[in-house]
Undergrad: 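I have a structure here, written as structure tokens, and I will follow up with some questions on it.
It should be emphasised that the depicted structure is a prediction, and the values quoted were computed from it without experimental measurement. The chains referred to below are lettered A, B, ... by the order of the sequence lines, with proteins before strands, and numbering in each begins at 1. Values below: every heavy atom of this structure, side chains too, minus hydrogens, waters and symmetry copies.
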Amino acid sequence: MQFYNTFSKSKEVFEPVNPPNVTFYVCGPTIYDYFHIGNARSFIMADILRRYLEFKGYHVKYVMNLTDVDDRIIKKSIDEKKPSGEISNFYAEAFFEDIKSLKVKPATVYPKATQHIDDMIKLIQELEDKEIAYNVDGNVFYNVSKFNDYGKLSGKNLEELSAGARVEINEIKKNPLDFALWKKAKEGEPSWNSPWGKGRPGWHIECSAMSSKHLGDTIDIHAGGNDLIFPHHENEIAQSEGAHNHKFVKYWIHFGFLNINEEKMSKSLGNFLTAREILKKYTAESIRLFFAQTYYGGPLNFSFDLLKAAEKGSEKIFNLAAIIETEIKKDNNVGISPEFDIKYYYDEFEKVMDDDLNTPQAVAIIFDFIRNANKVIADYDNINVSFFHDLKKFLKDTAQSILGILDFEKLGLKESSGLDDKLIEILLSLRIKLKKEKNFFLADQIRDDLNKLGIVLKDTKEGTTYKIR
RNA sequence: GGCGCUGUACCCAAGUGGCUUAAGGGGAAGGUCUGCAAAACCUUUAUUCGUCGGUUCGAAUCCGACCGGCGCCUCCA
């Protein structure tokens, strides 16, 4: 297995520090608003990587932080005249709901910044003791000139950064590139006691403190969006490696942006759609397929046309799954067992996923599998149920458990015994009578009218089936 | 200006030296099946991979130049 490591700018063979354990840290959301569909891309691709590592037999400890102390939360709390804790709790709940709707597997731990203030203070103190950090009147800054490797992740150096410095002029900093570890309290802001007086932590310090607390000194994988490379991840390295003399992260993995109209989707540009809105019209599986069809590291343009194309693809996958479930229920033990090399598909799937998580290829292999399976089903009448069990296992292992682009549990729920179902059944049996009497006009009208209500009928040899769109 | 990503069919998108005269999805056209639909299957839709040179027996893939898109360098997944 190999991944593109932002640090070395090349693909590297994946060898965790302490196999079969893998420590995996992902920069999570700042909980001041609903997250948008671009954020969802990172969460979903990280989720797929995590699930694949588990498929490969690793024990993954997956940590995603929640930033609950931050300028934007404070701003919102002032605007809405609510305590900042209320804002962050509300959006933390929303975050968990949305992530669940997207079928993202829960992290092992979701540490919150405000629950780790002591750890951050301890880390800042270590940096101060080493004279890497300095205190100016209750504000503590990181002195970037004290860390020789500063810029090693983002490929920058101090001279270039200073030359093009667009950094906020701040008289109290020694160097404009120095960044805040601890911010002196201002009136009305949340604050904590510290050796430097009342204040709150800077943004970067939480990830350094929480990752080492939950995952140890050197973590295997640290992932996040491309925009975090600099300054956030660069500063995390400076903090963690400055304080302790050990490598902070072995593999840095970064996700490409979701663009809209060829421009980065972001809160500050205002050109975003929340995941929550999209989920009202599209299934998690369609959304995940949309993302999985592109390499995680590159840009991806968002449009509803593209999402609809993915939705069609998703239907194709579910259609086969529905046939499989129907056949499994029939439980035919006497039919033939067609030639079908399931192992080939497993091998190919693993081969491409091993190569830097090539989900577009993996999806292509699944579609190949589906086409060939459908062909066999069309060619033979009397197929042994074991064939369908094999098909189901493959799709469940790959499309469902790893990519999350299929859900067998969504099928077969049609016997919900609701009144609606019973009414539909009455219409269907009426329609069958009409068809026998060759009254196709009325039979078609029933089908069209139901279709307008989102109920799609399908006539097969075995009878009429329906699904709710 | 520095750093990084990127330019493949109507759209999206894999492929980074011979297995590929280029996967997969969507769209479009024709066909099989069906009372008709739907689903499914079959066929067609790039002799060509931004442009121009070069290396090589052989290049979408390596090298050079040029043209274009995006991002980071300031909060952002």
Undergrad: Which part of the nucleic acid, if any, lies within contact of G38(A), taking any heavy atom under 4.0 Å across all strands shown: a base, the sugar-phosphate backbone alone, or nothing?
TA: base
Undergrad: Would you call K152(A)-D149(A) a salt bridge at under 4.0 Å N-O?
TA: yes
Undergrad: Pick base, sugar-phosphate or nothing for A309(A), based on heavy-atom distances below 4.0 Å to the nucleic acid.
TA: sugar-phosphate
Undergrad: Whole angstroms only, please: what is the OH-P distance between Y282(A) and rG26(B)?
TA: 15 Å
Undergrad: Return the value, rounded to whole Å, for the distance between atom CG of D356(A) and atom C1' of rC5(B).
TA: 13 Å
Undergrad: Between D71(A) and R200(A), is the closest basic N to carboxylate O distance under 4.0 Å?
TA: yes
Undergrad: Please name the nucleotide paired to rC3(B) by Watson-Crick or G-U wobble geometry with both distances under 3.5 Å, or report none.
TA: rG71(B)
Undergrad: Between protein and nucleic acid, restricted to nucleotides 31-40 of chain B and to nitrogen or oxygen atoms under 3.5 Å apart, what atom pairs and distances do you find?
TA:
unit_1, atom_1, unit_2, atom_2, d
rG35(B), N1, D444(A), OD1, 3.0
rG35(B), N2, D444(A), OD2, 2.7
rC36(B), O2, R447(A), NH2, 2.5
rC36(B), N3, R447(A), NH1, 2.9
rC36(B), N3, R447(A), NH2, 3.3
rC36(B), N4, D459(A), OD2, 3.1
rA37(B), N6, D459(A), O, 2.9
rA37(B), N1, D459(A), N, 2.9
rA37(B), N3, R447(A), NH1, 2.9
rA39(B), O3', N319(A), ND2, 3.1
rA40(B), O3', N374(A), ND2, 3.1

Undergrad: Which residue, F367(A) or G28(A), contacts RNA chain B at a nucleotide closer to its 5' end, judged by nearest heavy atom?
TA: F367(A)
Undergrad: Between rC49(B) and rU20(B), how far apart are the C1' atoms? Round to whole Å, please.
TA: 12 Å
Undergrad: In this structure, how many angstroms lie between the C1' atom of rC73(B) and the CG atom of N235(A), rounded?
TA: 12 Å
Undergrad: Which nucleotide, if any, forms a Watson-Crick or G-U wobble pair with rA9(B), using both distances under 3.5 Å?
TA: none
Undergrad: Any ion pair linking E315(A) and K312(A) (charged N to carboxylate O, less than 4.0 Å)?
TA: no
Undergrad: Expressed in angstrom and rounded to an integer, what is the separation of K9(A) atom NZ from rU6(B) atom P?
TA: 13 Å
Undergrad: Using a heavy-atom cut-off of under 4.0 Å over every strand shown, decide if L258(A) touches base, sugar-phosphate, or nothing.
TA: base
Undergrad: Measuring only the C1' atom in each nucleotide, how far is rC63(B) from rU16(B)? A whole number of Å is fine.
TA: 14 Å
Undergrad: Expressed as a whole number of Å, how far does the C1' atom of rA60(B) sit from that of rU47(B)?
TA: 13 Å
Undergrad: Describe, in one word, how the ring planes of W252(A) and H254(A) are oriented to each other, choosing from parallel (under 30°), tilted (30 to 60°) and perpendicular (over 60°).
TA: parallel
Undergrad: I'd like to know if E311(A) pairs up with K308(A) as an ion pair, taking the criterion as any Lys NZ or Arg NE/NH1/NH2 lying under 4.0 Å from an Asp or Glu carboxylate oxygen.
TA: no
Undergrad: Please report, rounded to the nearest Å, how far the C1' atom of rU6(B) is from the OH atom of Y4(A).
TA: 12 Å
Undergrad: Looking only at heavy atoms, which two atoms of G242(A) and Y142(A) are closest? And how far apart?
TA: CA-OH, 4.2 Å
Undergrad: Could you tell me the Watson-Crick or G-U partner of rG27(B), where both distances fall under 3.5 Å? Say none if there is no partner.
TA: rU45(B)
Undergrad: Where the side chain of K156(A) is concerned, which of rG71(B), rC75(B), rG2(B) is the nearest nucleotide?
TA: rG2(B)
Undergrad: For E311(A), which contact category applies under a 4.0 Å heavy-atom criterion: base, sugar-phosphate, or nothing?
TA: nothing
Undergrad: With side chain to side chain donor-acceptor pair (under 3.5 Å) as the test, would you mind laying out the steps for D355(A) and Q2(A) before giving the verdict?
TA: CA-CA 5 Å; D355(A) 186 11; Q2(A) 58 173 0; 2.8 Å; yes
Undergrad: For atom C1', what is the distance between rU55(B) and rG64(B), given to the nearest Å?
TA: 11 Å
Undergrad: Atom pairs under 3.5 Å, N or O on each side, protein against nucleotides 10-18 of chain B: can you list them with distances?
TA:
unit_1, atom_1, unit_2, atom_2, d
rA14(B), OP1, Y295(A), N, 2.9
rA14(B), O3', N358(A), ND2, 3.2
rA14(B), O2', Q361(A), NE2, 2.5
rG15(B), OP1, N358(A), ND2, 3.1

Undergrad: Could you tell me whether N259(A) contacts a base, only the sugar-phosphate backbone, or nothing, with contacts defined as non-hydrogen atoms closer than 4.0 Å?
TA: sugar-phosphate
Undergrad: Take atom NZ of K76(A) and atom C1' of rC75(B), then tell me their distance rounded to the nearest Å.
TA: 15 Å
Undergrad: Which nucleotide, in any strand shown, forms a Watson-Crick or G-U wobble pair with rU32(B), with both distances under 3.5 Å?
TA: rA40(B)
Undergrad: When the P atoms of rU6(B) and rC19(B) are compared, how many Å lie between them, rounded to an integer?
TA: 24 Å
Undergrad: Without decimals, in angstroms, what is the distance between L153(A) CG and rC73(B) P?
TA: 13 Å
Undergrad: Quick one: do K410(A) and E285(A) make a salt bridge, cutoff under 4.0 Å?
TA: yes
Undergrad: Around atom CG of D381(A), are there more than 12 heavy atoms of other residues, nucleotides or ligands at under 6.0 Å?
TA: no
Undergrad: Please work out if S154(A) contacts a base, only the sugar-phosphate, or nothing of the nucleic acid, heavy-atom cut-off 4.0 Å.
TA: sugar-phosphate
Undergrad: Whole angstroms only, please: what is the CE-P distance between M265(A) and rC70(B)?
TA: 16 Å
Undergrad: With ring pair (Phe, Tyr, Trp, His ring centres under 6.0 Å) as the test, would you mind laying out the steps for F369(A) and Y345(A) before giving the verdict?
TA: CA-CA 7 Å; F369(A) 173 90; Y345(A) 294 100; 5.2 Å; yes
Undergrad: Which whole number of Å gives the distance between the C1' atom of rG2(B) and that of rG54(B)?
TA: 29 Å
Undergrad: Is the closest basic N to carboxylate O distance between R51(A) and D47(A) below 4.0 Å?
TA: yes
Undergrad: Considering only the P atoms, how many Å lie between rG27(B) and rA39(B), rounded to the nearest integer?
TA: 9 Å
Undergrad: Assign H254(A) to base, sugar-phosphate, or nothing according to its heavy-atom contacts below 4.0 angstrom with the strands shown.
TA: nothing
Undergrad: Tell me which nucleotide, if any, is Watson-Crick or G-U wobble paired with rC62(B) when both distances must be under 3.5 Å.
TA: rG54(B)
Undergrad: Look at R447(A) together with D444(A) and state whether they make a salt bridge at an N to O cut-off of under 4.0 Å.
TA: yes
Undergrad: Please measure how far the P atom in rG24(B) lies from the corresponding atom in rU43(B), and state the result in whole Å.
TA: 11 Å
